[in-house]
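Input: a single structure, listed below in structure tokens.
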2 protein chains.
Amino acid sequence: MFFQFKEQLPHLAKYWDAFMAMHQRIEVPAKTILLAEGEVSKQSFLIEKGCLRVWFNNNGKDTTFQFFFENEGLSSLESFRKNIPGMFSIETVEPCVLHVLQKKDFDRMMEELEQQPAVLKEMINVMMERQLHYMKEFLSFIRDSPQERYLNLLMQKPKLIQRVPQHYIASYLGITSVHLSRIKNKILKEKQV
Amino acid sequence: MFFQFKEQLPHLAKYWDAFMAMHQRIEVPAKTILLAEGEVSKQSFLIEKGCLRVWFNNNGKDTTFQFFFENEGLSSLESFRKNIPGMFSIETVEPCVLHVLQKKDFDRMMEELEQQPAVLKEMINVMMERQLHYMKEFLSFIRDSPQERYLNLLMQKPKLIQRVPQHYIASYLGITSVHLSRIKNKILKEKQV
DNA sequence: TTGATTTGATAACATATGTTATCGTCCACA
DNA sequence: TGTGGACGATAACATATGTTATCAAATCAA
């Protein structure tokens, strides 16, 4: 099932079934926009099958910010938590099977959860891991060249490379699809030598 | 004093004096290394006066990851919380007046704080803001050119530009100091037109 | 004060990356 | 079963950025 960390997060795990029961299961085709940039997010998503991307309009250019796959969950965090317009669109890359949670249900559950220190403590750990994730993404941009970032992606998330169209990956790496194509070609030649 | 958010975080604020009392006040000259990359972090810092930078050795190149100024606090988060070797060095840029907290004292205080849901809830908010901070830094690297990032810095943190040597800023922006010099020159010329 | 170190600017050249355009392939779908 | 669009490769050219070296000014230490 979705929740990968039941062992490390025993208190959160107790609520998992109730949490899941609040979700609605939906099937959506590829290229479906689940949340449009500038809207206030009222839903969060869990992915049973398929792939989503989070992107934004950057002066007319479609720029991907993050990808999500099976057994991962997401929302437009700032928008969802603060009820403000979000900076990103959320869109399916492949046909997907999703579980959708309405914010009002999330808030109702939070009212109960936030009474319990043990649960909150685990939520802090989850948030710390997310913070470290973005910190490391940021770090990688300062430290690595586009070619290195592509090679990292190839090592760490080979499925992403296979399943996601190249121009989405390119914008995620901060480069153009032309340049990504060149990088792939260069890597190929280096392998052959 | 240090704690800027007393109004938004009333429960945390109640513990502020006790928290501060655990710190030791120290004065250190510029270019003092407070924590070396690869060490396990046993201390966190609050800055009364001066400026720190967090950096790492990137194949022999000194690369700055983040700056901190008056009224800000920091630690090598992952190392401090998980007792593992840190990825970063922490170093003073200017002569500083700091308040140092030992991890064992931090842990002792946490034992009390983590009993209290209201406090934990505020800590979750603090962590969410930090997560958003790194998310936005990451976003800016995908979205903006080095020149745009420099202009953003100039708008949002003019003091940083004034106080920090240019080669530190350059590596923080992900470019060389030569290129940053060119960018400054270009901006100057554009202004004159 | 003087000498050494740090800092910043700049030039010349090399490499990386973007832009635009063209072409071939593949695939969803009418 | 065509067929238009999505996808990816590539070329040619323009621009951005890195590398190395040199010089001047500012700063720091003896």
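Within every chain, numbering begins at 1; the chains are lettered A, B, ... in the order of the sequence lines, protein sequences first and strands thereafter.
- Screening Lys159(A), Arg163(A), Arg53(A) for a salt bridge (Lys or Arg N to Asp or Glu O under 4.0 Å) with Glu94(A), the sole residue that qualifies is Arg163(A).
- The closest side-chain heavy-atom distance from Leu101(B) to Met109(B) is not below 4.5 Å.
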(Q) Apply side-chain contact (heavy atoms from CB on, under 4.5 Å) to residues Phe68(B) and Ile90(B) and explain how you reach the verdict. (A) CA-CA 10 Å; Phe68(B) 293 89; Ile90(B) 300 177; over 6 Å; no
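- Of the possible donor and acceptor atoms, one in the side chain of Glu70(B) sits under 3.5 Å from a partner among the backbone N and O of Gly50(B).
- Residues Lys82(A) and Leu132(B) form a side-chain contact, since some pair of their non-hydrogen atoms from C-beta on lies under 4.5 Å apart.
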Q: Heavy atoms under 4.0 Å is the rule here; annotate nucleotides 16-30 of chain C 5' to 3' with B where the base is hit, S where only the sugar-phosphate is, and - elsewhere.
A: SBBBB----------
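- Using modelled atom types and a 3.5 Å distance limit, the side chains of Asn152(A) and Lys157(A) yield no donor-acceptor pair.
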Q) Could you write out DNA chain D as a dot-bracket string, with dots for unpaired bases, | for bases paired across to another strand, and Watson-Crick or G-U pairs counted at under 3.5 Å? A) ||||||||||||||||||||||||||||||
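- Val40(A) and Ile84(A) end up in different hydrophobic clusters when Ile, Leu, Val, Met, Phe, Trp and Tyr side chains are linked at under 4.5 Å.
- By the neighbour-count criterion of 12 heavy atoms within 6.0 Å, atom CZ of Arg130(A) is sparsely surrounded, having that number or fewer from other residues, nucleotides or ligands.
- Remark: side-chain polar atoms of Ser76(B) are not paired, donor with acceptor, to backbone N or O of Met87(B) under 3.5 angstrom.
- Taken residue by residue, residues 148-172 of chain B places no heavy atom nearer than 4.0 Å to DNA chain D.
- Under the ring pair (Phe, Tyr, Trp, His ring centres under 6.0 Å) criterion, Tyr134(B) pairs with no residue at all, not counting sequence neighbours.
- Note on Met110(B) and Ile124(B): same hydrophobic cluster, where clusters join Ile, Leu, Val, Met, Phe, Trp and Tyr whose side-chain heavy atoms are under 4.5 Å apart, directly or indirectly.
- Using the six-membered ring where Trp is involved, Phe88(B) and Phe56(B) have ring planes that are perpendicular, over 60° apart on the 30 and 60° scheme.
- Without hydrogens or angle criteria, Thr64(A) side chain to Gln66(A) main chain gives no donor-acceptor distance under 3.5 Å.
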What are the atom names and distances for every N/O pair under 3.5 Å that joins the protein to nucleotides 26-29 of chain D?
none

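- Between Phe80(A) and Phe106(A), a ring centre-to-centre spacing shorter than 6.0 Å is recorded.
- Between the side chains of Tyr15(A) and Gln116(A), at least one donor N or O lies within less than 3.5 Å of an accepting N or O.
- For dA9(D), neither phosphate oxygen OP1 nor OP2 lies less than 4.0 angstrom from any side-chain nitrogen or oxygen of Asn185(A).
- The stretch residues 52-60 of chain A has no heavy atom under 4.0 angstrom from DNA chain D at all.
- Proximity of Lys184(A) to the phosphate of dG8(D): no side-chain N or O atom is located under 4.0 Å from OP1 or OP2.
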